[in-house]
Amino acid sequence: MSKPRSIFEEVSDKTTAPQEGPKAGVIERGSGGGAARGAVRLWLMVLFALVAAMVVVGGLTRLTDSGLSITEWAPFTGAMPPMNDTEWATEFAKYQQIPEFKLQNSGMDLAAFKSIYWWEWGHRQLGRFIGLVWAVGFFGFLAARKIPNGWTGRLLMLGALGGVQGAIGWWMVSSGLSGERVDVASYRLAVHLGLAFVILGLIAWYILMLGRKEASLMAARRNREAKLFGMGTGLMHLALLQILLGALVAGIDAGRSFVDWPWMAGQFFPPDAFDLSPIWRNFFENAGLVQFMHRMMGYLLVIYALVVWRVSRRSGNQMIRAGFTFATVMVLGQLVLGITTVLQASPLHVAITHQVGAIMAWVLILNARFLAGYPAEQSVRS
């Protein structure tokens, strides 16, 4: 049994120094070292860019009224477009059977049909390509044992959500293939777009986490600024709700119904806001009420973003302050873009710029929340 040591006794030179490098702790052992984390992170960046492009192409598909041009869901055989005049005539004949053609586009010829067909085909083809990139990356990293410890389930969930998104996409399209509806159901469009932003958010969050070592994340979490992290979470939820309301606006072309601001048809509250029956339909299908809700949520989001930004100024961490500043500036920019979209009656280029702005604001809000939850080290001078 060793003798007790005095607290004033000098440590012997023979004392074993702690080991450095990946073998020092369990966190860095096994698969998922720095190189593996970097490779997975790069793959996720590619996925993020593809999903963001998918959101933009989906917006263009909606704005060009192309979403119902393909009337069947064929995940595998549908990858091939019509290759000859007979196949084009067959596809056009299928389109001529749905309400959109009968009630809205009865004068459309084959050439016009081809232009909307290619938008929807491109949208679906991009979805297939994203699924392929995910599958090749995930199973490739899995086979090579390069997935960081604890990340297999997270990365597998991305693929599962992508599959669910494809099914929801068809659920959305099918709503416009019968009855008297000439567009897809707006609430189904909101679910489709909302899930796309959830997937984007998860990928962005994973990219941020993989940008640091696991040990660094654990140390940073102990310095979490809980109040700002919570407020960042609230800002994230408000932004997602605003995105969902924006999808409702796009789903019924409500952005082209009231083109004055700050009023709506010369008054604060739009006329005939509850003229549909049953009353709940107005919250999804009444252009005036839907645009009003989108406007009010936009104001609330801006006010809350400014409050969070003001609180962030008290943080001693320069990167946290910068993160919330960038997020707030983008939210304010989205307000300006939204007003411009309304005043110009939602022209294609302005409306799609507004959607791209939503992606940027979403990512910057997530980044600010991440910085508050995992503060980066900074020098004493900073």
Side-chain angles (χ1 to χ4, degrees), residues 51-73 95 98-101 103-105 116-117 119-124 126-127 130 161-201 239-258 276 280-295 297-298 334 338 341-342 346 348 350-359 361-362:
V51 174
M54 184 74 167
V55 171
V56 174
V57 172
L60 289 168
T61 302
R62 171 66 197 96
L63 291 168
T64 55
D65 288 324
S66 305
L68 296 176
S69 57
I70 301 179
T71 60
E72 296 176 340
W73 190 37
Y95 178 70
I98 70 171
E100 183 179 78
F101 177 83
L103 302 176
Q104 180 175 288
N105 294 333
I116 65 171
Y117 182 95
W119 273 115
E120 175 63 10
W121 182 84
H123 183 53
R124 296 191 186 193
L126 183 54
I130 292 172
L161 288 176
V164 171
Q165 179 71 324
I168 289 176
W170 173 247
W171 174 65
M172 176 188 69
V173 169
S174 65
S175 66
L177 299 180
S178 59
E180 297 182 356
R181 191 187 299 275
V182 296
D183 290 311
V184 300
S186 59
Y187 62 89
R188 297 191 186 189
L189 175 64
V191 173
H192 191 49
L193 183 65
L195 182 55
F197 271 84
V198 168
I199 293 172
L200 268 179
L240 184 58
L241 181 56
Q242 176 68 339
I243 289 165
L244 294 175
L245 289 173
L248 293 179
V249 170
I252 57 175
D253 289 324
R256 294 166 178 158
S257 300
F258 294 86
L276 298 181
W280 62 265
R281 286 182 55 203
N282 293 281
F283 293 95
F284 299 96
E285 300 176 23
N286 184 294
L289 185 58
V290 169
Q291 191 188 130
F292 177 80
M293 292 189 300
H294 190 50
R295 289 189 184 196
M297 182 54 65
Q334 270 296 88
T341 303
V342 166
S346 299
L348 186 63
V350 178
I352 205 64
T353 301
H354 190 42
Q355 189 169 39
V356 173
I359 296 174
W362 179 238

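Throughout, residue positions are numbered sequentially from 1 according to the sequence presented.
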Problem - Criterion side chain to side chain contact (heavy atoms under 4.5 Å, CB included) on Val173 and Leu68, from CA distance to verdict - result: CA-CA 6 Å; Val173 169; Leu68 296 176; 3.9 Å; yes
Exercise for the section: For the pair His294 and His354, name the ring-plane relationship: parallel under 30°, tilted 30 to 60°, perpendicular over 60°. Expected result: perpendicular
To the nearest 0.5 Å, how far apart are [atom1] in [X] and [atom2] in [Y]?
X      : Y      : atom1 : atom2 : answer
Ser174 : Ile98  : OG    : CD1   : 11.5 Å
Ile116 : Ile70  : CD1   : CD1   : 9.5 Å
Leu200 : Met54  : CG    : CE    : 11.0 Å
Arg62  : Asp253 : CZ    : CG    : 4.5 Å
Arg256 : Thr341 : CZ    : OG1   : 10.5 Å
Leu161 : Leu195 : CG    : CG    : 6.0 Å

Looking at [X] and [Y], what are the two nearest heavy atoms and their distance?
X      : Y      : result
Gln165 : His192 : NE2-O, 2.8 Å
Ser69  : Ser66  : OG-O, 2.8 Å
Arg181 : Pro99  : O-CB, 3.4 Å
Phe197 : Leu240 : CB-CD1, 4.2 Å
Phe284 : Ser186 : O-OG, 2.9 Å
Thr71  : Trp170 : O-CH2, 3.3 Å

Practice task
Taking Ser257 for its side chain and Ala287 for its backbone only, find out whether a donor-acceptor pair lies under 3.5 Å.
Solution key: no
Problem - Short side-chain to backbone donor-acceptor contact, Trp119 and Thr64, under 3.5 Å - result: no
Completion exercise
With sequence neighbours left out, the residues meeting side-chain contact (heavy atoms from CB on, under 4.5 Å) with Gln104 are Asp65, Glu100, Val182
Exercise for the section: Mind checking ring-ring contact (aromatic ring centres under 6.0 Å, His included) for Tyr95 and listing every partner two or more places apart, or none if nothing turns up? Expected result: Phe101, Phe113
Problem - Contacts of type side chain to side chain donor-acceptor pair (under 3.5 Å), residue Arg124, not counting sequence neighbours - result: Glu120
Practice task
Check step by step if side chain to side chain contact (heavy atoms under 4.5 Å, CB included) holds for Ile252 and Asp183.
Solution key: CA-CA 8 Å; Ile252 57 175; Asp183 290 311; over 6 Å; no
Handout entry: Of Leu63, Leu60, Leu193, the residue whose pairing with Gln355 passes side-chain contact (heavy atoms from CB on, under 4.5 Å)
Key = Leu193
